[in-house]
Protein chains: 2
Amino acid sequence: MADYNFSALQLSLSLYSASRLLIQQFQIRLNELHLTYPQYLVLSILWEEDGLLVNKIGQKLHLDSGTLTPLLKKLEGMNYVKRNRNEADERTVSIQLTYPGKSLQSKTAELLKPLEAAFSVIENPELSTLNHYLKSLLGNMESFKNKN
Amino acid sequence: MADYNFSALQLSLSLYSASRLLIQQFQIRLNELHLTYPQYLVLSILWEEDGLLVNKIGQKLHLDSGTLTPLLKKLEGMNYVKRNRNEADERTVSIQLTYPGKSLQSKTAELLKPLEAAFSVIENPELSTLNHYLKSLLGNMESFKNKN
DNA sequence: TCAATTTAAATTGTATCAAATCTAATATTC
DNA sequence: GAATATTAGATTTGATACAATTTAAATTGA
(Lines give C-alpha, C1' and ligand atoms only; values in the text may rest on other atoms or scores of the structure.)
Protein backbone atom coordinates (compact mmCIF):
# COMPACT_ATOMS: atom_id res chain seq x y z
CA MET A 1 0.00 0.00 0.00
CA ALA A 2 2.32 2.69 1.24
CA ASP A 3 5.58 3.44 -0.53
CA TYR A 4 8.42 2.07 1.58
CA ASN A 5 11.12 3.40 -0.69
CA PHE A 6 10.85 7.12 -0.86
CA SER A 7 12.98 10.16 -0.20
CA ALA A 8 12.56 13.55 1.43
CA LEU A 9 12.57 14.89 -2.11
CA GLN A 10 9.55 12.81 -3.05
CA LEU A 11 7.75 13.89 0.09
CA SER A 12 8.52 17.53 -0.60
CA LEU A 13 7.27 17.21 -4.17
CA SER A 14 4.04 15.58 -3.01
CA LEU A 15 3.51 18.35 -0.48
CA TYR A 16 4.43 21.06 -2.97
CA SER A 17 2.09 19.71 -5.65
CA ALA A 18 -0.84 18.88 -3.40
CA SER A 19 -0.55 22.23 -1.70
CA ARG A 20 -0.60 24.22 -4.92
CA LEU A 21 -3.38 22.19 -6.51
CA LEU A 22 -5.64 22.57 -3.49
CA ILE A 23 -4.88 26.28 -3.20
CA GLN A 24 -5.73 26.68 -6.89
CA GLN A 25 -9.17 25.24 -6.19
CA PHE A 26 -9.68 27.81 -3.46
CA GLN A 27 -8.31 30.58 -5.67
CA ILE A 28 -10.66 29.85 -8.56
CA ARG A 29 -13.61 30.40 -6.25
CA LEU A 30 -12.13 33.35 -4.35
CA ASN A 31 -11.59 35.25 -7.60
CA GLU A 32 -15.24 36.23 -7.53
CA LEU A 33 -14.52 38.32 -4.42
CA HIS A 34 -11.15 39.52 -5.75
CA LEU A 35 -9.42 37.78 -2.85
CA THR A 36 -6.20 35.80 -3.05
CA TYR A 37 -5.72 32.63 -1.06
CA PRO A 38 -3.17 34.16 1.37
CA GLN A 39 -5.47 37.13 1.89
CA TYR A 40 -8.32 34.72 2.65
CA LEU A 41 -6.08 32.84 5.12
CA VAL A 42 -5.33 36.05 7.00
CA LEU A 43 -9.01 36.95 7.11
CA SER A 44 -9.84 33.44 8.36
CA ILE A 45 -7.40 33.88 11.23
CA LEU A 46 -8.98 37.21 12.09
CA TRP A 47 -12.51 35.81 11.96
CA GLU A 48 -11.38 33.39 14.67
CA GLU A 49 -9.70 36.11 16.70
CA ASP A 50 -9.80 39.77 15.80
CA GLY A 51 -7.17 42.37 16.70
CA LEU A 52 -4.10 40.15 16.41
CA LEU A 53 -0.60 41.53 16.05
CA VAL A 54 1.10 41.12 12.66
CA ASN A 55 3.58 38.94 14.50
CA LYS A 56 0.86 36.62 15.81
CA ILE A 57 -0.72 36.22 12.39
CA GLY A 58 2.72 35.40 11.07
CA GLN A 59 3.18 32.66 13.65
CA LYS A 60 -0.11 31.06 12.77
CA LEU A 61 0.63 31.07 9.03
CA HIS A 62 4.42 30.71 9.20
CA LEU A 63 4.80 33.97 7.29
CA ASP A 64 6.93 37.01 8.13
CA SER A 65 6.44 40.73 7.75
CA GLY A 66 8.05 40.65 4.30
CA THR A 67 4.97 38.81 3.09
CA LEU A 68 2.39 40.11 5.55
CA THR A 69 3.04 43.85 5.47
CA PRO A 70 2.19 44.33 1.77
CA LEU A 71 -0.66 41.81 2.01
CA LEU A 72 -2.19 43.61 4.99
CA LYS A 73 -1.82 46.95 3.23
CA LYS A 74 -3.81 45.54 0.33
CA LEU A 75 -6.51 44.26 2.67
CA GLU A 76 -6.56 47.72 4.24
CA GLY A 77 -6.80 49.28 0.78
CA MET A 78 -9.86 47.11 0.12
CA ASN A 79 -11.25 48.31 3.47
CA TYR A 80 -11.40 44.82 4.97
CA VAL A 81 -9.00 45.56 7.87
CA LYS A 82 -7.51 48.49 9.79
CA ARG A 83 -3.84 48.51 10.81
CA ASN A 84 -3.30 50.26 14.15
CA ARG A 85 0.07 50.91 15.69
CA ASN A 86 -0.27 50.18 19.40
CA GLU A 87 0.33 52.86 22.05
CA ALA A 88 1.61 50.45 24.67
CA ASP A 89 4.33 49.19 22.34
CA GLU A 90 4.86 51.39 19.33
CA ARG A 91 6.78 48.65 17.50
CA THR A 92 3.67 46.51 17.16
CA VAL A 93 0.72 46.82 14.81
CA SER A 94 -2.57 45.13 15.50
CA ILE A 95 -5.06 44.26 12.80
CA GLN A 96 -8.76 44.89 13.22
CA LEU A 97 -11.49 43.66 10.90
CA THR A 98 -13.79 46.30 9.48
CA TYR A 99 -17.49 45.66 9.01
CA PRO A 100 -16.98 44.74 5.33
CA GLY A 101 -14.15 42.48 6.43
CA LYS A 102 -16.42 40.67 8.87
CA SER A 103 -19.15 40.41 6.25
CA LEU A 104 -16.85 38.50 3.95
CA GLN A 105 -16.93 35.45 6.20
CA SER A 106 -20.40 34.33 5.19
CA LYS A 107 -19.77 35.23 1.55
CA THR A 108 -16.65 33.11 1.34
CA ALA A 109 -18.34 30.26 3.21
CA GLU A 110 -21.07 30.22 0.59
CA LEU A 111 -18.57 30.43 -2.23
CA LEU A 112 -16.41 27.61 -0.90
CA LYS A 113 -19.28 25.24 -0.05
CA PRO A 114 -18.62 22.93 -3.02
CA LEU A 115 -14.98 22.64 -2.01
CA GLU A 116 -15.80 21.96 1.63
CA ALA A 117 -18.27 19.34 0.51
CA ALA A 118 -15.83 17.63 -1.82
CA PHE A 119 -13.13 17.52 0.83
CA SER A 120 -15.35 16.76 3.80
CA VAL A 121 -14.47 14.01 6.25
CA ILE A 122 -17.71 12.31 5.32
CA GLU A 123 -16.69 12.12 1.68
CA ASN A 124 -13.07 11.22 2.46
CA PRO A 125 -12.48 9.80 5.93
CA GLU A 126 -8.79 9.37 5.13
CA LEU A 127 -8.36 13.13 4.93
CA SER A 128 -8.57 13.47 8.70
CA THR A 129 -5.74 10.95 8.97
CA LEU A 130 -3.79 12.92 6.39
CA ASN A 131 -4.38 16.15 8.27
CA HIS A 132 -3.25 14.48 11.47
CA TYR A 133 -0.01 13.30 9.89
CA LEU A 134 0.56 16.72 8.36
CA LYS A 135 0.25 18.43 11.73
CA SER A 136 2.61 15.91 13.23
CA LEU A 137 5.10 16.58 10.41
CA LEU A 138 4.71 20.31 11.01
CA GLY A 139 5.61 19.81 14.66
CA ASN A 140 8.64 17.72 13.78
CA MET A 141 9.75 20.27 11.23
CA GLU A 142 9.58 23.18 13.63
CA SER A 143 11.83 21.40 16.11
CA PHE A 144 14.12 20.21 13.31
CA LYS A 145 14.34 23.80 12.11
CA ASN A 146 15.50 25.00 15.49
CA LYS A 147 18.13 22.30 15.76
CA ASN A 148 19.67 22.56 12.28
CA MET B 1 -5.97 10.56 17.45
CA ALA B 2 -7.02 11.99 14.11
CA ASP B 3 -9.01 15.20 13.93
CA TYR B 4 -12.58 14.31 13.00
CA ASN B 5 -13.73 17.89 12.84
CA PHE B 6 -11.76 19.69 10.20
CA SER B 7 -12.34 21.66 7.04
CA ALA B 8 -10.81 21.89 3.59
CA LEU B 9 -9.37 25.18 4.81
CA GLN B 10 -7.52 23.47 7.64
CA LEU B 11 -6.23 20.83 5.29
CA SER B 12 -5.05 23.45 2.82
CA LEU B 13 -3.30 25.39 5.60
CA SER B 14 -1.56 22.24 6.83
CA LEU B 15 -0.39 21.47 3.31
CA TYR B 16 0.64 25.05 2.63
CA SER B 17 2.64 25.32 5.86
CA ALA B 18 4.26 21.89 5.74
CA SER B 19 5.15 22.40 2.10
CA ARG B 20 6.85 25.74 2.67
CA LEU B 21 8.68 24.64 5.82
CA LEU B 22 10.08 21.54 4.16
CA ILE B 23 11.07 23.47 1.04
CA GLN B 24 12.84 26.01 3.25
CA GLN B 25 14.96 23.21 4.68
CA PHE B 26 15.95 22.19 1.16
CA GLN B 27 16.57 25.81 0.18
CA ILE B 28 18.91 26.52 3.08
CA ARG B 29 21.16 23.68 1.91
CA LEU B 30 20.82 24.39 -1.82
CA ASN B 31 21.97 27.98 -1.32
CA GLU B 32 25.54 26.72 -1.24
CA LEU B 33 25.17 25.75 -4.91
CA HIS B 34 23.15 28.87 -5.76
CA LEU B 35 20.21 26.66 -6.68
CA THR B 36 16.57 27.34 -5.84
CA TYR B 37 14.23 24.53 -4.83
CA PRO B 38 12.20 24.64 -8.09
CA GLN B 39 15.43 24.63 -10.09
CA TYR B 40 16.57 21.59 -8.10
CA LEU B 41 13.22 19.88 -8.77
CA VAL B 42 13.64 20.38 -12.51
CA LEU B 43 17.18 19.02 -12.38
CA SER B 44 15.97 16.01 -10.37
CA ILE B 45 13.43 15.22 -13.06
CA LEU B 46 16.13 15.46 -15.72
CA TRP B 47 18.54 13.24 -13.76
CA GLU B 48 15.83 10.59 -13.92
CA GLU B 49 15.17 11.16 -17.60
CA ASP B 50 17.17 13.56 -19.74
CA GLY B 51 15.91 15.34 -22.84
CA LEU B 52 12.33 15.91 -21.73
CA LEU B 53 10.05 18.48 -23.34
CA VAL B 54 9.17 21.57 -21.32
CA ASN B 55 5.63 20.29 -21.45
CA LYS B 56 6.58 16.97 -19.90
CA ILE B 57 8.53 18.57 -17.08
CA GLY B 58 5.51 20.75 -16.46
CA GLN B 59 3.25 17.71 -16.15
CA LYS B 60 5.54 16.09 -13.61
CA LEU B 61 5.75 19.23 -11.47
CA HIS B 62 2.29 20.67 -12.21
CA LEU B 63 3.93 23.83 -13.53
CA ASP B 64 3.31 25.63 -16.82
CA SER B 65 5.58 27.47 -19.24
CA GLY B 66 4.93 30.73 -17.42
CA THR B 67 6.99 29.38 -14.56
CA LEU B 68 9.24 26.99 -16.45
CA THR B 69 10.46 29.12 -19.34
CA PRO B 70 12.24 31.72 -17.20
CA LEU B 71 13.47 29.04 -14.77
CA LEU B 72 14.93 26.97 -17.62
CA LYS B 73 16.55 30.06 -19.10
CA LYS B 74 18.27 30.62 -15.76
CA LEU B 75 19.45 27.01 -15.64
CA GLU B 76 20.73 27.49 -19.17
CA GLY B 77 22.45 30.71 -18.12
CA MET B 78 24.23 28.73 -15.39
CA ASN B 79 25.19 26.18 -18.04
CA TYR B 80 23.36 23.31 -16.36
CA VAL B 81 20.99 22.63 -19.28
CA LYS B 82 20.61 23.30 -23.00
CA ARG B 83 17.27 24.25 -24.52
CA ASN B 84 16.80 22.86 -28.01
CA ARG B 85 13.86 23.56 -30.26
CA ASN B 86 12.97 20.28 -31.95
CA GLU B 87 13.09 19.86 -35.72
CA ALA B 88 10.29 17.31 -35.86
CA ASP B 89 7.90 19.69 -34.09
CA GLU B 90 9.11 23.26 -34.00
CA ARG B 91 6.64 24.16 -31.27
CA THR B 92 8.42 22.00 -28.73
CA VAL B 93 11.65 22.56 -26.82
CA SER B 94 13.53 19.71 -25.21
CA ILE B 95 15.88 20.15 -22.30
CA GLN B 96 19.25 18.43 -22.18
CA LEU B 97 21.55 18.30 -19.18
CA THR B 98 25.07 19.58 -19.73
CA TYR B 99 28.04 17.89 -18.11
CA PRO B 100 28.03 20.43 -15.22
CA GLY B 101 24.30 19.83 -14.88
CA LYS B 102 24.84 16.09 -14.54
CA SER B 103 27.67 16.65 -12.06
CA LEU B 104 25.34 18.52 -9.75
CA GLN B 105 23.48 15.33 -8.86
CA SER B 106 26.17 13.95 -6.58
CA LYS B 107 26.88 17.38 -5.12
CA THR B 108 23.26 17.95 -4.13
CA ALA B 109 22.98 14.40 -2.80
CA GLU B 110 25.90 15.07 -0.48
CA LEU B 111 24.50 18.44 0.53
CA LEU B 112 21.05 17.07 1.30
CA LYS B 113 22.19 13.98 3.19
CA PRO B 114 21.25 15.39 6.61
CA LEU B 115 17.77 16.16 5.34
CA GLU B 116 17.33 12.75 3.76
CA ALA B 117 18.49 11.17 6.99
CA ALA B 118 16.13 13.20 9.15
CA PHE B 119 13.15 12.41 6.94
CA SER B 120 14.02 8.81 6.16
CA VAL B 121 11.45 6.06 6.46
CA ILE B 122 13.64 4.44 9.07
CA GLU B 123 13.52 7.52 11.25
CA ASN B 124 9.83 8.17 10.58
CA PRO B 125 7.87 5.16 9.33
CA GLU B 126 4.69 7.25 9.30
CA LEU B 127 6.11 9.43 6.52
CA SER B 128 5.57 6.70 3.96
CA THR B 129 1.91 6.59 4.99
CA LEU B 130 1.76 10.35 4.70
CA ASN B 131 3.33 10.26 1.26
CA HIS B 132 0.86 7.60 0.22
CA TYR B 133 -2.12 9.68 1.35
CA LEU B 134 -0.68 12.75 -0.37
CA LYS B 135 -0.40 10.93 -3.67
CA SER B 136 -3.93 9.68 -3.29
CA LEU B 137 -5.11 13.23 -2.60
CA LEU B 138 -3.17 14.42 -5.65
CA GLY B 139 -5.00 11.88 -7.79
CA ASN B 140 -8.38 12.91 -6.39
CA MET B 141 -7.56 16.54 -6.93
CA GLU B 142 -6.61 16.09 -10.56
CA SER B 143 -9.93 14.42 -11.32
CA PHE B 144 -11.81 16.99 -9.21
CA LYS B 145 -10.05 19.73 -11.15
CA ASN B 146 -11.30 18.34 -14.45
CA LYS B 147 -14.86 18.07 -13.22
CA ASN B 148 -15.24 21.47 -11.59
C1' DT C 1 -6.59 21.57 -49.47
C1' DC C 2 -6.97 25.20 -46.70
C1' DA C 3 -9.49 27.63 -43.17
C1' DA C 4 -10.33 26.82 -38.39
C1' DT C 5 -8.79 24.75 -34.33
C1' DT C 6 -5.51 23.14 -31.25
C1' DT C 7 -1.08 22.95 -29.21
C1' DA C 8 3.66 24.34 -27.16
C1' DA C 9 6.26 27.98 -25.53
C1' DA C 10 6.98 32.59 -24.63
C1' DT C 11 5.45 36.87 -22.75
C1' DT C 12 3.02 40.00 -19.57
C1' DG C 13 1.22 41.45 -15.27
C1' DT C 14 -0.04 40.72 -10.43
C1' DA C 15 0.81 38.65 -6.07
C1' DT C 16 3.23 36.12 -3.17
C1' DC C 17 7.57 34.18 -0.44
C1' DA C 18 11.69 34.62 1.96
C1' DA C 19 16.39 36.34 2.95
C1' DA C 20 18.70 40.51 4.07
C1' DT C 21 18.76 45.01 5.58
C1' DC C 22 16.85 49.05 7.87
C1' DT C 23 14.44 51.80 11.38
C1' DA C 24 12.35 52.79 15.49
C1' DA C 25 11.11 51.32 19.93
C1' DT C 26 11.71 48.56 23.96
C1' DA C 27 14.57 45.63 27.17
C1' DT C 28 18.67 44.49 29.33
C1' DT C 29 22.96 44.97 31.65
C1' DC C 30 26.68 46.73 33.73
C1' DG D 1 20.78 55.57 33.41
C1' DA D 2 23.50 55.30 29.21
C1' DA D 3 25.35 51.85 26.02
C1' DT D 4 24.11 47.55 24.05
C1' DA D 5 21.11 44.13 22.48
C1' DT D 6 16.76 42.61 21.05
C1' DT D 7 12.36 42.97 18.89
C1' DA D 8 8.46 44.29 15.51
C1' DG D 9 7.52 45.90 11.21
C1' DA D 10 8.80 47.89 6.87
C1' DT D 11 11.56 47.80 2.81
C1' DT D 12 14.30 45.80 -0.86
C1' DT D 13 15.49 42.26 -3.97
C1' DG D 14 15.35 38.01 -6.55
C1' DA D 15 12.72 34.07 -7.84
C1' DT D 16 8.74 31.83 -8.29
C1' DA D 17 3.35 30.85 -9.39
C1' DC D 18 -0.22 31.44 -12.35
C1' DA D 19 -3.85 33.52 -15.24
C1' DA D 20 -4.24 35.62 -19.61
C1' DT D 21 -2.57 36.74 -23.97
C1' DT D 22 0.39 36.14 -27.96
C1' DT D 23 2.93 33.72 -31.55
C1' DA D 24 4.22 30.16 -34.40
C1' DA D 25 3.57 25.58 -35.74
C1' DA D 26 0.96 21.45 -36.35
C1' DT D 27 -3.47 19.16 -36.82
C1' DT D 28 -8.11 18.62 -38.29
C1' DG D 29 -12.20 18.47 -40.88
C1' DA D 30 -15.47 19.92 -44.34
Side-chain angles (χ1 to χ4, degrees), chain A residues 12-13 16-42 52-59 61-78 81 83-95 145, chain B residues 12 15-42 52-59 61-78 81 83-95 145:
Chain A
S12 75
L13 178 54
Y16 174 68
S17 304
S19 166
R20 283 186 298 112
L21 286 182
L22 185 51
I23 289 173
Q24 271 176 38
Q25 290 304 314
F26 275 90
Q27 189 58 69
I28 288 167
R29 291 164 176 81
L30 291 170
N31 282 337
E32 191 174 315
L33 294 173
H34 305 292
L35 279 179
T36 67
Y37 174 76
Q39 288 166 1
Y40 169 63
L41 274 187
V42 168
L52 289 172
L53 301 182
V54 172
N55 205 12
K56 199 77 185 174
I57 296 172
Q59 282 174 27
L61 302 180
H62 306 277
L63 292 171
D64 69 8
S65 64
T67 302
L68 287 176
T69 297
L71 188 157
L72 288 166
K73 283 184 175 173
K74 271 168 213 153
L75 285 180
E76 187 175 44
M78 297 187 275
V81 303
R83 299 159 64 247
N84 302 309
R85 204 159 277 274
N86 294 303
E87 287 188 15
D89 185 341
E90 290 274 357
R91 293 171 304 179
T92 66
V93 170
S94 51
I95 310 298
K145 186 174 173 177
Chain B
S12 74
L15 283 169
Y16 174 69
S17 303
S19 167
R20 283 185 299 110
L21 286 182
L22 185 51
I23 289 172
Q24 268 177 39
Q25 289 305 314
F26 276 89
Q27 189 58 69
I28 287 167
R29 290 163 177 81
L30 291 171
N31 282 337
E32 191 174 315
L33 294 173
H34 305 291
L35 279 179
T36 66
Y37 175 76
Q39 288 167 2
Y40 169 64
L41 274 186
V42 168
L52 290 173
L53 301 183
V54 173
N55 205 11
K56 199 75 185 175
I57 296 172
Q59 281 173 29
L61 301 180
H62 306 277
L63 291 171
D64 68 8
S65 65
T67 301
L68 288 176
T69 296
L71 188 156
L72 289 166
K73 284 183 176 175
K74 271 168 212 151
L75 285 180
E76 187 175 45
M78 297 188 275
V81 304
R83 299 159 64 247
N84 301 309
R85 204 158 276 276
N86 294 306
E87 288 188 14
D89 185 341
E90 292 272 358
R91 293 170 303 178
T92 66
V93 171
S94 51
I95 310 297
K145 186 174 172 176

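Quick caveat: nothing in here was measured; it's all calculated off a predicted structure. Residue numbers start from 1 in every chain, and the chains themselves are labelled A, B, ... in the order their sequence lines are given, proteins ahead of strands.
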Sugar-phosphate only, base, or nothing, as touched by [X] at under 4.0 Å among non-hydrogen atoms:
{"X": "A:Gln39", "answer": "sugar-phosphate"}
{"X": "B:His62", "answer": "sugar-phosphate"}
{"X": "A:Gln24", "answer": "sugar-phosphate"}

Inset, instruction - Establish, with yes or no, whether the OP1 or OP2 oxygen of C:dC17 is under 4.0 angstrom from a side-chain nitrogen or oxygen of B:Tyr16. - result: yes
For atom [atom1] of [X] and atom [atom2] of [N], their distance in whole Å:
{"X": "B:Met78", "N": "D:dA15", "atom1": "CE", "atom2": "C1'", "answer": "11 Å"}
{"X": "B:Leu61", "N": "D:dC18", "atom1": "CG", "atom2": "P", "answer": "11 Å"}
{"X": "B:Arg29", "N": "C:dA19", "atom1": "CZ", "atom2": "P", "answer": "13 Å"}
{"X": "B:Leu21", "N": "C:dA19", "atom1": "CG", "atom2": "P", "answer": "10 Å"}
{"X": "B:Leu71", "N": "D:dG14", "atom1": "CG", "atom2": "P", "answer": "17 Å"}
{"X": "A:Leu30", "N": "D:dA19", "atom1": "CG", "atom2": "P", "answer": "13 Å"}
{"X": "B:Ile28", "N": "C:dC17", "atom1": "CD1", "atom2": "P", "answer": "18 Å"}
{"X": "A:Glu87", "N": "C:dA24", "atom1": "CD", "atom2": "P", "answer": "20 Å"}

Straight-line distance of [X] [atom1] to [Y] [atom2], nearest 0.5 Å:
{"X": "B:Thr92", "Y": "B:Asn86", "atom1": "OG1", "atom2": "CG", "value": "3.5 Å"}
{"X": "B:Asp64", "Y": "B:Asn55", "atom1": "CG", "atom2": "CG", "value": "10.0 Å"}
{"X": "A:Tyr40", "Y": "A:Ile23", "atom1": "OH", "atom2": "CD1", "value": "12.5 Å"}

Inset, instruction - Return the 5'-most residue of the pair B:Gln27, A:Tyr37 with respect to DNA chain C, ranking by each residue's nearest nucleotide. - result: A:Tyr37
Inset, instruction - Would you give a per-nucleotide map of nucleotides 7-12 of chain D, 5' to 3', where B means the base has a protein non-hydrogen atom under 4.0 Å away, S means only the sugar-phosphate does, and - means neither? - result: BSBBB-
Inset, instruction - Given side-chain hydrogen bond (donor to acceptor under 3.5 Å, both in side chains), test A:Arg29 with A:Gln25 step by step and report yes or no. - result: CA-CA 7 Å; A:Arg29 291 164 176 81; A:Gln25 290 304 314; 3.1 Å; yes
Inset, instruction - Using the closest heavy atom to pick a nucleotide of DNA chain D for each, name whichever of B:Pro38 or B:Glu90 lands nearer the 5' end. - result: B:Pro38
Result block: side-chain N/O donor-acceptor pairs under 3.5 angstrom for residues 65-77 of chain A, not counting sequence neighbours:
residue: A:Thr69; atom: OG1; partner: A:Ser65; partner atom: O; Å: 3.0
residue: A:Glu76; atom: OE1; partner: A:Arg83; partner atom: NH1; Å: 3.4
residue: A:Glu76; atom: OE2; partner: A:Arg83; partner atom: N; Å: 3.2

Inset, instruction - Using a 4.5 Å cut-off on heavy atoms from C-beta on, say whether the side chain of A:Leu63 contacts that of B:Tyr16. - result: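 Yes, side chains in contact.
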Inset, instruction - Tell me, please, which residues at least two apart from A:Ser19 pass side-chain hydrogen bond (donor to acceptor under 3.5 Å, both in side chains). - result: none
